[in-house]
Amino acid sequence: MRVLISADMEGATGVTWPADVEPGTEQWQRCRSMFTSDVNAAIAGLHAGGATSVLVNEAHATMRNLLLERLDERAEMLTGRHKDLSMVEGVQRGDVDAVAFVGYHCGAGEEGVLAHTYLPNSITGVWLDGEPASEGRLNSFVCAEYGAPVVLVTGDDKACEDAARYAPQARTAAVKDHVSRYAAVCRPPGRTHAAIAEAAQDAMALAGRTEPVRHGPLTVEVEVDAEHLAGAAAVVPGVERVGALRVRSTSPTAYDMIRCFKAVATLISNAVENRYG
Ligand SMILES: [Zn+2]
């Protein structure tokens, strides 16, 4: 059984603050160690549940956060950015029996520790076919298109609630309880790692390739916090402006949907000015 872990950082043990996840800061150096331990706990649990191979795809910021030198030796790690499918790169290989979202978080505009969708700010909401869409929800559609079920989600308690909406069968492990966007009641690594490992082991009962799901056409709407950002997003072919702060696009497949969304997010990010947004 081959498993793909998509590892994001905002939902890791102990993480509650922008500096915790900002490459180069002292806090990030500390938190990447706890992030690596969360991933190792998942790898251990997945193997205990029957996984024979685990590929960890880094999915946060520059996608260079995990400490390879501390990674469980049974796993391999895809590190670095610029990948066709970004956070779920690897799922298109067609031999993935299960996907685990480790360190995930809620979407823009939702309650949740460090909640956002792709960009840390500027994007205030994303909807997929009319439903609020976190990164987990967007990526789950891509995984389904490649016949790989999402079996495990870890993050704060709100991210686990979010998972119930897009992968209701998945096992979850909450490593902290949301208090505000920048505050949480955190449990120490010793406890969260046991919870992650247990959930990961159970999750392997759900592993097994499915018939690829053809969802398309998929309509994505993105709302931003400044008018010119909607204009920047509408530069992408097929993306139309549907309001001062809103753009919409319809894609034939989840593959096209996530790539179009990534282009939109990149152009928005590029158009943000330092103080005026
Ligand atoms: Zn994220």
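Model, not experiment: these values are computed from the prediction. Atoms within each ligand, like the ligands themselves, are counted from 1 in listed order. Numbers here are sequence positions counted from 1.
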Give the name of the N/O/S atom in Asp8 that lies closest to the Zn ion (ligand 1). OD2
Report the atom name of the nearest N/O/S atom of Glu135 relative to the Zn ion (ligand 1). OE1
What N/O/S atom of His105 is the closest to the Zn ion (ligand 1)? NE2
Give a yes/no answer: is there an N/O/S atom of His116 under 2.8 Å from the Zn ion (ligand 1)? no
Side chain of Thr36, backbone of Arg32: donor and acceptor closer than 3.5 Å? yes
Qualifying residue for side chain to side chain donor-acceptor pair (under 3.5 Å) with His105, from Asp156, Asp8, Thr117: Asp8
Do the side chains of Arg248 and Val220 get nearer than 4.5 Å, heavy atoms only? no
Derivation of the side chain to side chain donor-acceptor pair (under 3.5 Å) call for Tyr166 and Ser134: CA-CA 9 Å; Tyr166 63 77; Ser134 60; 5.2 Å; no
